[in-house]
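One structure below.
Proteins get letters first, then strands, A, B, ... in listed order; numbering begins at 1 in each. Here the structure is a predicted model, which is why all the values come from computation and not from measurement.
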Number of protein chains: 2
Amino acid sequence: MDAATALIIYKTYLERYVTFSTEEWETFTQHVTFTKLKKKQHFATADTVCDKFGFLVSGSVRYYHIINGEDITSYFSFEQEFTSSYKSFLTRTPTITYIQALEETRLINISYDAFQKMLANPILAHKMERFGRLVAEHYLCCYEDRVASFITQSPEERYLQLLQTGRDILQRMPQHYIAHFLGITPVSLSRIRKRIMEPVVK
Amino acid sequence: MDAATALIIYKTYLERYVTFSTEEWETFTQHVTFTKLKKKQHFATADTVCDKFGFLVSGSVRYYHIINGEDITSYFSFEQEFTSSYKSFLTRTPTITYIQALEETRLINISYDAFQKMLANPILAHKMERFGRLVAEHYLCCYEDRVASFITQSPEERYLQLLQTGRDILQRMPQHYIAHFLGITPVSLSRIRKRIMEPVVK
DNA sequence: TCAAAACGTTAACAAAAGATAAGAAATTGA
DNA sequence: TCAATTTCTTATCTTTTGTTAACGTTTTGA
């Protein structure tokens, strides 16, 4: 896949948020960069500032933390989604999260400087403010649901809900990643699955 | 306290995000409304659309869910903070959260329509996009930390962290609200407190 | 292709959390 | 003021989860 094709995918996706005129798009594309990650390479590393706001043209990533030497997966992103250690990107402070490619992954990135330049560029400023607002609002809504799930649901209920809504995650991620994503251990998820399945068999 | 004083407090707070010119501020203030909630009155109700994005001039609110008939507190907001069932406000879908005043509470509200009108008003559009972006980004950062705390920390660790950072909550909220906010039962929090305190006494 | 690594399940035990109830202290509100 | 309510703790018992380890299977990568 070449850069032109990647840009078409990017533009199509961005139209969920904003629509660019030809002039705006040309200016916009001057501010993005193309990168590729091989499997297991990192997009972001704990204790460093995540300087990029990425879009996954293809591939997937997982977000994880190292807690007492143990690898704890907290989230996933797939092709045609954004990826970033958002707080780190916005506040220019070190992140606590690793973001790692799970397969060969193609990205289009906006650096922090490029983002600021576009916000200061008369051609793009208004649209970039709106873009930033709508993207932040979108992820805010996702987070609101996710926090509510930790407050109001048991691990088993969270897993049952994932069964209904998490097609990509369930089909593409190993179970021990999913367990940590749900806030439990892999052994515990295995037991929950057994609890859920057995009554059906009886 | 009169509306003029409330507006001064509001404007001062908003300057964390954007600064309004005199003309902008005059237009802005035409789009806000003033309300008061008595203790236990609701700012938002589950199964209805939350139509307002509020600012607490004074007072405080708690966010809660009714789960199997039980009242589960999930969050708090205090004077000089915003309050809203944000996803419901943005997407115009029914919320699952009640927001209730914990004391006599004074608010300045932006309705969804007023927000849209300001976004469409040439005088305010750019500043409102920016305002919306920065507010959403701010809360996004808070949510990122909160989700990480559920993934990477035990209930005891979350409580210990709250002891370091949650002055307002600890001093002003009853312990059973705090327990649910941490994702555990009040009985469990009482035990955690005992576990933490005892070694100090010995 | 083949050894190494990763993955999922299960078992056994320990630790933590949930549910329920009782009781004391503090707060509230009429 | 004073009865009712709320709040917090404690105890008991149950359930769930965590921890560790073992085992067989699958996947990976050199």
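At a threshold of 4.0 Å, the pair R133(A)-E129(A) does not count as salt-bridged, since none of the basic side-chain nitrogens sits closer than that to a carboxylate oxygen. The pair K127(B)-E24(B) meets the salt-bridge criterion, with a side-chain N (NZ, NE, NH1 or NH2) lying under 4.0 Å from an Asp/Glu carboxylate O. With respect to the salt-bridge test (charged N to carboxylate O, under 4.0 angstrom), the residues E79(A) and R172(A) qualify. Classification of K52(B) and D113(B) as a salt-bridged pair fails, no side-chain N sitting under 4.0 Å from a carboxylate O.
Rounded to whole Å, the distance from CD on E103(A) to P on dT28(D) is 12 Å. Straight-line distance from the NZ atom of K39(B) to the P atom of dT6(D): 11 Å, rounded to whole Å. L102(B) has its CG atom 15 Å from the C1' atom of dT27(C), to the nearest Å. Distance I192(B) CD1 to dT9(D) P: 12 Å, rounded to the nearest Å. To the nearest angstrom, P of dG18(C) lies 10 Å from CD1 of I72(B). Counting to the nearest Å, the C1' atom of dG18(D) and the CD1 atom of I67(A) are 16 Å from each other. Taking atom CZ of R62(A) as the reference point, atom C1' of dC7(C) lies 14 Å away to the nearest angstrom.
Of the residues in residues 150-182 of chain B, those with a non-hydrogen atom less than 4.0 angstrom from any atom of DNA chain D are P174(B), Q175(B), H176(B).
Applying the ring pair (Phe, Tyr, Trp, His ring centres under 6.0 Å) test to pairs two or more places apart or on separate chains, those with a residue in residues 92-111 of chain A are H42(A)-Y98(A), Y64(A)-Y98(A).
When distances run from any side-chain atom of R193(B) to the nucleotides dG29(D), dT10(C), dT9(D), the shortest one goes to dT9(D).
Atom NZ of K11(B) sits in a crowded spot, with more than 12 heavy atoms from other residues, nucleotides or ligands closer than 6.0 Å.
Among the atoms of the strands shown, only primed sugar atoms or phosphate atoms (P, OP1, OP2) are found under 4.0 Å from some heavy atom of S188(A). Looking at heavy-atom distances under 4.0 Å, T185(B) makes contact with sugar-phosphate atoms alone, never a base.
The only option from Y86(B), F115(B), Y139(B), Y112(B) that meets the ring-ring contact (aromatic ring centres under 6.0 Å, His included) definition with F53(B) turns out to be Y86(B).
The 5' end of DNA chain C is approached more closely, in terms of each residue's nearest nucleotide, by I184(B) than by the other of I184(B) and K40(B).
Side-chain atoms of R191(A) and base atoms of dG8(C) include no donor and acceptor less than 3.5 Å apart.
Between R195(B) and dT9(D), a side-chain N or O to OP1/OP2 separation shorter than 4.0 Å is absent.
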